[in-house]
Amino acid sequence: MTANGVAARAVGAVKVYGEGDALVRALDGIDVEFGSQRFSAIMGPSGSGKSTLLHCLAGLDELTDGRVFIGDTDLASLDDDQLTRLRRDSVGFVFQAYNLVPTLNALENITLPTAIAGRKPDQTWVDQIIDTMGIRDRLHHRPSELSGGEQQRVAAARALAGRPEIIFADEPSGNLDSNSGAELLGFMQDAVRRLGQTIVMVTHDPAAAGYADRVVFLADGVVVGEMVEPTRERILDHIKVLEA
Amino acid sequence: MWRATVKGLLGHKLRLALTALAITIGVGFVAGSFVFTDTLGSVFDDLFAGTTAGIDVTVRPIIETEGEFGFSLPEKIPASVLDEVRAVDGVEEATGSLFWFVQVLDRNGEIARTTGPPTFGASWADTDRPGAFSLREGARPTEDGQVALDRKTAERLGYGVGDTVRIVIFDGPEPFTLVGLAGFGEADNLGGAGFALFDIPTAQRIFKAGNTYDTIEIAATTGVAPETLVERLRPLLPSGVEAVTAQSVAEEQATAFKEALGFFNTFLLVFAGIALFVGTFIIQNTFRIIVAQRTRELALFRALGATRNQVVGMVLTEAAIVGVIASGLGLIFGIVLANVLAVAYEAFGGDLPEAALEVRWRTVLVALAVGVVVTLVSALLPARKAASVPPVAAMREVESATRRSMRTRSVAGGSMTLFGIVLGVIGLFVELPFGWIDSIALVGAGAAIVFIGVAVIGPLFTRPVARIVGAPFPRLLALPGTLARENSMRKPRRTAATAAALMIGLALVSLATILAASFRGTVREVIDETFRADLVVSEVGFGGIGFTPTIADEIAALPEVEKLARVRFGQASVEGDPGFVSAVQTDTFLDLFTIDVITGGLTELSSPSVALRSARAEELGVDVGETVTMTFARTGEQQLPVVATWDGQGIQASILISLETYEANFVEQLDSQVLIALQDGVSIGSGRVAVESVTVPYPNVQIQDQADFKEQTESQINLILSLIFVLLLLSVFIALLGITNTLSLSIIERTREIGLLRAVGMSRKQVRRMIRWESVIISVFGAVLGITLGILFGWAVVRALSEQGLLFVLPGGQLIGALFAAGVAGVVAAVLPAWRASRLNVLEAIAYE
């Protein structure tokens with residue numbers, strides 16, 4: 001882990017969908033870096049390319065042109081097996097919903113990536129995360145027995161459990177009520193500040209982005225601005241400026 | 001609604017294709033059986049009609065006993081009768097003809113065929129009238145030392161006109177010059193049976209017929225009706241000889257043949273029925289899953305105002321369309337299958353003339369009806385379930401996990417199982433007034449109901465069995481193993497329904513295996529107990545000819561031989577009921593063979609008398625000291641005293657007589673077996689060498705010791721077993737399609753979950769492993785249920801047959817092998833779904849809606 005270095009970066013990232021008239025440039029030449037041990041947010045309106053950027057950074061999707069790096073690794077140089085291993089060992093994910101395997105209980109879901117790798121989880125670390133996420137008393141429940149907020153916290157715990165270089169979160173609070181959402185984002189913030197983790201989160205919700213250390217604004221596939229130490233109000237002001 | 005139905009169908013192309021395949025295979029089997037037997041039937045109609053070509057009336061001995069393969073032919077017709085017949089007004093031409101079994105040797109001097117249809121020897125009259133046989137090449141045999149063969153046999157053995165062919169009749173091989181190749185009507189042989197043709201004097205000589213004939217064939221003068229001629233001939237004929245129109249002879253033959261064909265057809269249809277039965281499980285399961293997956297869509301229809309009946313109609317229409325398409329394809333597949341059967345028939349030596357396969361309207365209708373009805377019936381329950389989807393389900397985020405109580409299920413399934421068992425037990429153990437066919441039908445119905453019952457309660461076993469089978473998975477296979485086990489327990493009903501299909505096939509496979517093992521074990525036991533001869537000389541291949549008694553005479557003269565016992569075989573009626581008779585040499589037989597004499601004694605058998613199997617004596621209600629009426633083909637009714645009753649295995653006949661009685665009442669005097677005891681100190685090996693020196697000129701006989709005997713019966717049992725296996729394989733294959741189908745459908749349901757697993761780092765290989773081992777659990781589950789049922793069925797059947805001395809043998813190794821094979825089959829069934837799952841596009845899988 002490169003302390004205070006760059007956890008992930010995109011260089012001239014271009015992603016094109018479709019052909020001819022239906023051609024869409026989801027990413028239109030993006031250069032961006034996300035620092036280690038930071039909580040970064042990517043914001044932008046629908047169709048701005050924020051989810052595409054996240055997917056490409058995480059190795060779930062391929063760029064049409066340009067390069068993306070996790071740490072010093074150029075993802076374009078990896079085949080499917082290597083990408084899979086990278087996702088397993090170096091990347092964590094929190095999706096908007098359906099984060100958990102229904103046949104496994106909360107604890108098994110948390111240790112899923114290490115189990116896939118056939119390794120034993122680092123018990124002290126996992127305990128620390130479980131407490132950070134406040135789910136100690138829910139560990140032996142199956143996902144269907146957990147509330148939406150609890151499910152997302154378990155998902156976040158799973159993303160953290162393998163001590164990945166970087167965690168990508170796609171609208172993690174998108175399906176939650178505001179209280180549960182705030183709780184989850186607070187826990188994620190703790191994970192970065194107290195446990196030194198790295199999170200990149202895509203959101204369209206200024207309140208959510210307010211938990212981040214830094215916000216990158218996208219529109220039409222290009223970076224249109226960024227803000228350090230954001231708050232909900234500053235973000236709303238900035239959006240007004242952008243839309244003006 | 002029609003549009004929506006069709007759209008729905010097109011939306012599930014692949015899922016339905018696999019379902020349709022189950023129907024197609026079953027229907028194909030049905031159609032194939034019909035097409036093949038219809039084709040064979042009409043070929044033989046023509047063929048038997050051909051035997052009467054140019055013949056109007058046949059004079060033949062009245063056959064008192066129903067000879068199945070023509071054992072113990074009746075007394076022949078003296079040549080004088082032929083002269084008298086020729087003098088009758090209205091007889092244009094009359095020829096005598098003769099007939100017996102022969103064996104043609106191949107170029108190595110071996111019997112050309114030891115299994116399958118026999119080869120007939122017959123006379124070929126020197127006349128220009130058209131007859132049954134037609135010359136294809138060369139000339140007719142016109143003098144001694146000449147023979148014509150059917151073209152098929154000649155081709156198979158590589159003989160051409162001019163070659164020397166050695167033929168075994170009674171006295172060992174005799175060389176003949178092949179002068180011509182013949183056909184039987186249009187065909188190159190007679191339904192697989194070959195024939196060797198001789199001129200009349202030669203036939204009389206080699207068949208030891210003297211100046212007699214087996215039948216007289218008569219052509220009527222133009223204008224004289226066959227019936228009239230029959231009337232005119234009747235007063236002339238000696239007793240025991242009759243005149244019948246050639247047409248009724250042909251009809252008799254065709255009827256007998258068609259009965260056999262009908263039996264064959266039924267046999268094939270039983271397996272087709274099993275395949276379709278297995279198919280219903282799969283269709284039902286597929287429709288159930290599809291309905292579950294379309295819950296929201298169906299609810300939307302309901303919310304938009306569709307009635308319950310319209311929803312039922314939608315699902316059933318979908319089923320009907322699938323049924324029609326699949327049955328249509330099944331019909332085509334059936335025709336292909338019939339072609340395969342025809343090729344196999346030719347490969348086994350039969351010859352089908354250049355006739356197209358006969359596809360009757362009946363076949364088309366039956367195939368379509370069977371396919372559509374089976375599909376509709378299978379879709380009925382899922383359709384009702386579809387109708388019960390409430391409109392509000394359209395708004396629900398996730399499908400509501402309706403956990404219906406297992407109690408109704410276990411009561412319903414349990415009582416069905418019990419009912420099936422009761423039916424089976426009645427069929428097996430209670431003597432029914434309507435005969436054994438109905439007993440078998442009852443047992444079959446009972447078994448089917450047990451299968452359904454167990455399938456209904458199957459979900460109760462899913463979790464325990466999956467937990468046990470999957471117990472080592474987490475340790476051996478790590479996380480994919482855990483997930484495989486959990487996934488298999490996720491929808492107990494789905495897993496159980498899928499496994500049930502395989503259960504049926506495996507139950508029948510284990511039943512067949514157990515019965516075969518029990519027969520094998522019983523035969524071994526019987527041979528050990530009864531077989532006290534060191535060596536047995538018997539006929540090679542098709543029985544019923546016997547061999548010349550001079551062989552036994554020569555063996556008896558060998559210094560190595562202590563004693564021997566001849567056994568002859570024939571058919572006769574007792575109290576009007578036809579059956580088999582064994583004739584034994586009374587002074588030595590009991591030293592060489594063990595039977596239990598219950599009452600009386602066998603030594604008295606040497607005077608004209610019979611000894612009855614005790615069960616037969618009981619049936620007839622006779623005791624030692626009373627007399628029975630025996631009817632022999634040659635001597636007619638004879639009153640014979642019963643001197644003994646006996647029991648024992650190893651003798652097929654239920655009536656024993658002495659050689660002397662046999663000689664007095666049967667035409668042919670040929671041995672069918674010679675039991676030999678060697679002198680003390682002579683090893684089996686050297687005894688065999690000595691006996692061989694006698695039998696070398698007779699390729700139609702073989703020498704066997706106890707071990708050979710066992711091996712021979714075992715190989716016969718194994719042959720039947722493998723035939724049944726091949727036919728059951730189809731059901732197992734359909735069941736595997738079911739597993740593939742269920743897994744594919746489950747994977748579609750779990751797309752997002754698999755996407756998630758891939759996203760968090762599960763490799764393609766691990767995904768495949770997860771699916772593969774889930775499949776193994778399902779198939780092993782099915783196999784466990786099936787083998788358990790198979791053992792119970794097998795035990796019951798053996799119990800029912802225990803009166804016939806059958807012992808229950810549990811072939812543990814083979815059954816474990818079947819279980820293992822089922823596991824491997826599970827791996828195979830998972831190949832496609834596993835591959836598809838591992839190729840899922842991760843991004844699409846996790847994308848929201």
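A, B, ... follow the sequence lines: proteins, then strands. Residue 1 opens every chain. These numbers come from a predicted model, not from an experiment.
- Of all residues in residues 44-62 of chain A, those placing a non-hydrogen atom less than 4.5 angstrom from a non-hydrogen atom of chain B are A/His55, A/Leu60, A/Asp61.
- Distance alone, capped at 3.5 Å, is enough to place a donor-acceptor pair between the B/Gln766 side chain and the A/Ile116 backbone.
- Side chain of A/Arg87 to main chain of B/Ala759: a donor-acceptor pair is present (N/O by atom type, distance under 3.5 Å, no hydrogens or angles).
- More than 12 heavy atoms of other residues, nucleotides or ligands lie within 6.0 Å of CH2 in A/Trp125, so this atom counts as buried by the packing criterion.
- Ranking A/Ala117, A/Pro102, A/Gly162 against chain B, the residue ahead of the rest is A/Pro102, based on heavy-atom pairs under 4.5 Å.
- The structure places CG of A/Leu112 at 10.0 Å from OG1 of B/Thr482, a figure rounded to the nearest 0.5 Å.
- Around CZ of B/Phe820, the count of heavy atoms belonging to other residues, nucleotides or ligands within 6.0 Å does not exceed 12.
- There is no contact between A/Leu83 and chain B, counting heavy-atom distances below 4.5 Å.
- Other residues, nucleotides and ligands contribute at most 12 non-hydrogen atoms within 6.0 Å of the CZ atom of A/Arg67.
- Counting non-hydrogen atoms of neighbouring residues, nucleotides and ligands closer than 6.0 angstrom, the CZ atom of B/Arg384 reaches no more than 12 such neighbours.
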Assess whether side-chain contact (heavy atoms from CB on, under 4.5 Å) is satisfied between A/Arg88 and B/Val760, documenting all intermediate values. CA-CA 5 Å; A/Arg88 189 184 75 194; B/Val760 299; over 6 Å; no
Does B/Arg839 form a salt bridge (charged side-chain N to carboxylate O under 4.0 Å, His left out) with A/Asp80? I'd like the steps, not just the answer. CA-CA 11 Å; B/Arg839 291 276 144 183; A/Asp80 185 78; over 6 Å; no
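- For B/Arg758, the parts lying near chain A are the backbone and the side chain together; criterion is any non-hydrogen pair under 4.5 Å.
- Judged as a ring pair (Phe, Tyr, Trp, His ring centres under 6.0 Å), and not counting sequence neighbours, B/Phe287 has no contacts.
- Within the model, atoms OG1 of A/Thr103 and CZ of B/Arg485 stand 10.5 Å from one another, a figure rounded to the nearest 0.5 Å.
- Interface check for chain A: of the options B/Arg750, B/Lys765, B/Glu486, the most heavy-atom pairs under 4.5 Å are formed by B/Glu486.
- Ranked by heavy-atom pairs under 4.5 Å with chain A, the list B/Leu757, B/Leu483, B/Leu479 is led by B/Leu479.
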